[in-house]
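Input: a single structure, listed below in structure tokens.
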There are 2 protein chains.
Amino acid sequence: MTCDITIKDVAKEANVSVATVSRVLNGLDRVSDQTRKKVLKVVKELNYVPNTMAASMITKQTQMLAVVVPEIENPFYTSVIKGTVNVAKEKGYHTFVFSTNDSESEEDAFFESSLRRNVDGIVLIGAHKDPEFYQKMNKPVILVDRYIDGCGLDGVIIDNFGGAYEATKYLIEYGHRDIAIITGPQTFNDGTERHWGYQQALKDNGIELVNDYQKHGDWFENNGYQSTKELMKLTKPPTAIFAANNLICQGTIKALRDLELTIGLDVSLVGFDANDLAEFVKPRVSVVKRPTYEMGTHAAEMLIEKLKQVDKHDSFPKKVTLGVELLKFGSVKYLG
Amino acid sequence: MTCDITIKDVAKEANVSVATVSRVLNGLDRVSDQTRKKVLKVVKELNYVPNTMAASMITKQTQMLAVVVPEIENPFYTSVIKGTVNVAKEKGYHTFVFSTNDSESEEDAFFESSLRRNVDGIVLIGAHKDPEFYQKMNKPVILVDRYIDGCGLDGVIIDNFGGAYEATKYLIEYGHRDIAIITGPQTFNDGTERHWGYQQALKDNGIELVNDYQKHGDWFENNGYQSTKELMKLTKPPTAIFAANNLICQGTIKALRDLELTIGLDVSLVGFDANDLAEFVKPRVSVVKRPTYEMGTHAAEMLIEKLKQVDKHDSFPKKVTLGVELLKFGSVKYLG
DNA sequence: CTATCTTGTAAAAACGTTTACATATTTACT
DNA sequence: AGTAAATATGTAAACGTTTTTACAAGATAG
């Protein structure tokens, strides 16, 4: 089980040409049953392992994919990665995983060296850059989670607007009118769409928007923590909070604990995306659950599908939007 | 920025031979300043990106590593992965990440296809198999977290014995004598060493071992949850619990919450490894903290170091043991 | 019994690099 | 000026595959 046995060794041992060995292994061309058996026997005997990289020089396919995330320690990304890697593996692809640590220069470096290594395609989760950059690369790219309409690339996103709308509507239906949102930057669709969903739900129910109730920071825990504290310091604090991603929600939970406010009693809370703390606290926090693993599997499937298409110009960019689910637990108080 | 420009195109455009271009790019051989500049200019103009895979056919180095974990969604593994990938990247290596989902057949499949792809080396976290299997592979392998002495492979582990000993001693010093341990299987050093540390601390303090206080299951949350419930049902329940990994600790915390027992008051608790819940609950749970990220960076450094050694038989197997730190918070009651 | 068609296999080119060797040019020293 | 040494560059082989082309042998048909 090493890689120092080559196809030539097999050919010599089996008294056939290397072409025949290749034919047996790849099964593309006709080979007589007799020689097939003979070759297979020798392959087993010598523990021959084909060299994919040498093959890739001819086939122009390395059977390697890359998946890029901003931060591998965020469980959301890990779950998407898992989906992508598993599907890739099933279909015979190996996957590079890379965390850009939210740095654009690291992202650049990664793309360069992925290109050098001739990856067949890239799954890009939480993209940073101008989409035109990714197009220039001339490799199939699937954007996940963040997407820019009209960029010409394929994408897998979730129903951000719908999720935020449902979450907010749920709070309104339970009698809340002073509803805050803590969210990230409005740079990409994830931020804007969730914000719109929140605003639209309020508007549709005749509730006017309050600036102080709309907190925009980054997507990290500390934003949730600080913003929650600020919200609760207002002369008229909100009765409910919508925390627009997993880390913000964790920050909010911690802040409320530190303020000695009880979730579902003093303050109602709905999160976006599952997280350890939301599941742990009593009452459990209601969240908009998104199909993280499936985002990964979809992305991999779309990417590999794209790789198979011979005429690459034939395919129009495809955007898939996956639905979300509002899980209701005891974190929202009924105000009547 | 694509890969369809080859070294030949550059050579032609610059009016030099491909050898010269290669020399300029790799800087091994002397080239005149004049031609160097000329070549570099053309490289930039054409956006030439060298093909690492083609080079690897000659150099026998693919500049690719693989890292294998049982479960990518466990934050412990993610942290180690991050360390490994970051160091690898710094040194010009790309890293495949693979989660075996705790299945031996998936691990097999991964090794086969890593071999096909000619990875230069492998970081194996939480190994499953006989070490002789890994040796047969004839590729540098670094074992992380789990290690078998005398296996002839390099390894990075942590001071399991010391950590468990300190944790248990800490409980004893606070007056506890009825101390339980919830741990995983005794198949590998991680399980056995932590168990020994616990036992030794008790012995050293003249406390006799109680069978009912020693729970062996798997390393997952549910074991922590169920075992804790069983422990607290005993006619004489323990006053303190040592939870021997991150997931077990989370299970214990959830069980105690569901039993409406207060940590640090009704039951004292020390965990092994950081986890979200231990940091969240009040009082915060004391844990043995291990340098997860550093385990990853060390492993990558050792692996890459090994790759550089020309005479591979010259190097004896090296095992590095990293220290741990006992973080004391309010989860341990002082019994006087 | 030739002409045509199948079938199975081999030979060789190609992929994009690196590198050992060869050759041409320059420099340095008598 | 003549030679040796040093420097710069080109030539070609090699890496381990796939794939095109060619060809031999056997089968089928007239």
Side-chain angles (χ1 to χ4, degrees), chain A residues 2-40 42-43 46-64 92 113-120 310, chain B residues 2-40 42-43 46-64 92 113-120 310:
Chain A
T2 69
C3 241
D4 27 287
I5 304 288
T6 77
I7 199 171
K8 281 185 195 163
D9 301 317
V10 176
K12 193 181 292 172
E13 184 70 21
N15 273 316
V16 295
S17 72
V18 291
T20 302
V21 179
S22 174
R23 274 189 285 253
V24 169
L25 261 29
N26 299 307
L28 301 171
D29 225 332
R30 320 186 47 80
V31 190
S32 76
D33 244 30
Q34 196 188 358
T35 44
R36 157 169 292 110
K37 274 180 196 149
K38 187 170 57 177
V39 168
L40 253 26
V42 174
V43 164
L46 298 184
N47 274 318
Y48 167 62
V49 178
N51 183 333
T52 312
M53 292 313 139
S56 83
M57 301 221 50
I58 305 287
T59 62
K60 302 288 175 197
Q61 297 225 334
T62 55
Q63 306 285 103
M64 305 190 303
S113 66
S114 288
L115 240 43
R116 293 169 101 93
R117 278 157 182 101
N118 262 16
V119 301
D120 289 341
V310 233
Chain B
T2 70
C3 242
D4 29 286
I5 304 288
T6 76
I7 199 171
K8 282 185 194 163
D9 301 318
V10 176
K12 194 181 290 171
E13 184 71 20
N15 274 316
V16 295
S17 72
V18 291
T20 302
V21 178
S22 175
R23 275 189 281 254
V24 169
L25 260 29
N26 298 306
L28 302 172
D29 228 333
R30 320 185 46 81
V31 190
S32 77
D33 244 30
Q34 195 188 359
T35 44
R36 156 168 292 110
K37 275 182 195 147
K38 187 172 56 178
V39 168
L40 254 24
V42 174
V43 164
L46 299 184
N47 274 318
Y48 167 63
V49 178
N51 183 333
T52 311
M53 292 313 139
S56 82
M57 301 222 50
I58 305 287
T59 62
K60 302 290 173 195
Q61 298 225 333
T62 54
Q63 307 285 102
M64 305 190 304
S113 67
S114 288
L115 240 43
R116 294 169 101 93
R117 276 155 183 104
N118 263 15
V119 301
D120 289 341
V310 232

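- In summary, the side chains of A:Asn118 and A:Thr62 do not present any donor paired with an acceptor at a separation below 3.5 Å, with no hydrogens or angles considered.
- With distances taken from any side-chain atom of B:Val18 to the nucleotides D:dG16, D:dT18, C:dT18, the minimum falls on C:dT18.
- Proximity of A:Thr35 to the phosphate of C:dG8: no side-chain N or O atom is located under 4.0 Å from OP1 or OP2.
- Across the protein-nucleic acid pair, A:Lys60 atom NZ and D:dT19 atom P stand 12 Å apart, rounded to whole Å.
- Atom NZ in B:Lys38 sits about 8 Å away from atom P in D:dT9, given to the nearest Å.
- Contacts of A:Thr52 with the nucleic acid, taken as non-hydrogen atoms under 4.0 Å apart, are absent.
- Put simply, CD1 on B:Ile7 is 8 Å from C1' on C:dT18, counting in whole angstrom units.
- Residue-level contact check: B:Ala19 touches the bases, meaning some heavy atom is under 4.0 Å from a base atom.
- Checking the phosphate oxygens (OP1, OP2) of D:dG10, a side-chain nitrogen or oxygen of B:Thr20 falls inside 4.0 Å.
- The distance from atom CD1 of B:Ile5 to atom C1' of C:dG16 is 13 Å, rounded to the nearest whole Å.
- For the pair B:Arg30 CZ and C:dA24 C1', the computed distance is 17 Å after rounding to whole Å.
- Summarising the geometry, the separation between CG on B:Asn15 and C1' on D:dG10 is reported as 13 Å, rounded to the nearest angstrom.
- When the nucleotides D:dA8, D:dT19, C:dT9 are ranked by their closest atom to the side chain of A:Thr59, D:dT19 comes out on top.
- Contact between the side-chain N/O atoms of A:Ser22 and the OP1/OP2 oxygens of D:dT18 is found at a separation under 4.0 Å.
- Judged purely by distance below 3.5 Å, without hydrogens or angles, the side chains of B:Ser17 and B:Thr20 pair a donor atom with an acceptor atom.
- For the pair B:Lys8 NZ and C:dA13 C1', the interatomic distance rounds to 11 Å; values are reported in whole Å.
- Protein atom CZ of B:Arg23 is 8 Å distant from nucleotide atom C1' of D:dA8, rounded to whole Å.
- Of the side-chain N and O atoms in A:Thr6, none sit less than 4.0 angstrom from OP1 or OP2 of D:dC15.
- Remark: the backbone N or O of A:Val119 is not paired with any side-chain donor or acceptor of A:Ser114 at under 3.5 angstrom.
- For A:Ser17, a side-chain nitrogen or oxygen approaches OP1 or OP2 of C:dA10 to under 4.0 Å.
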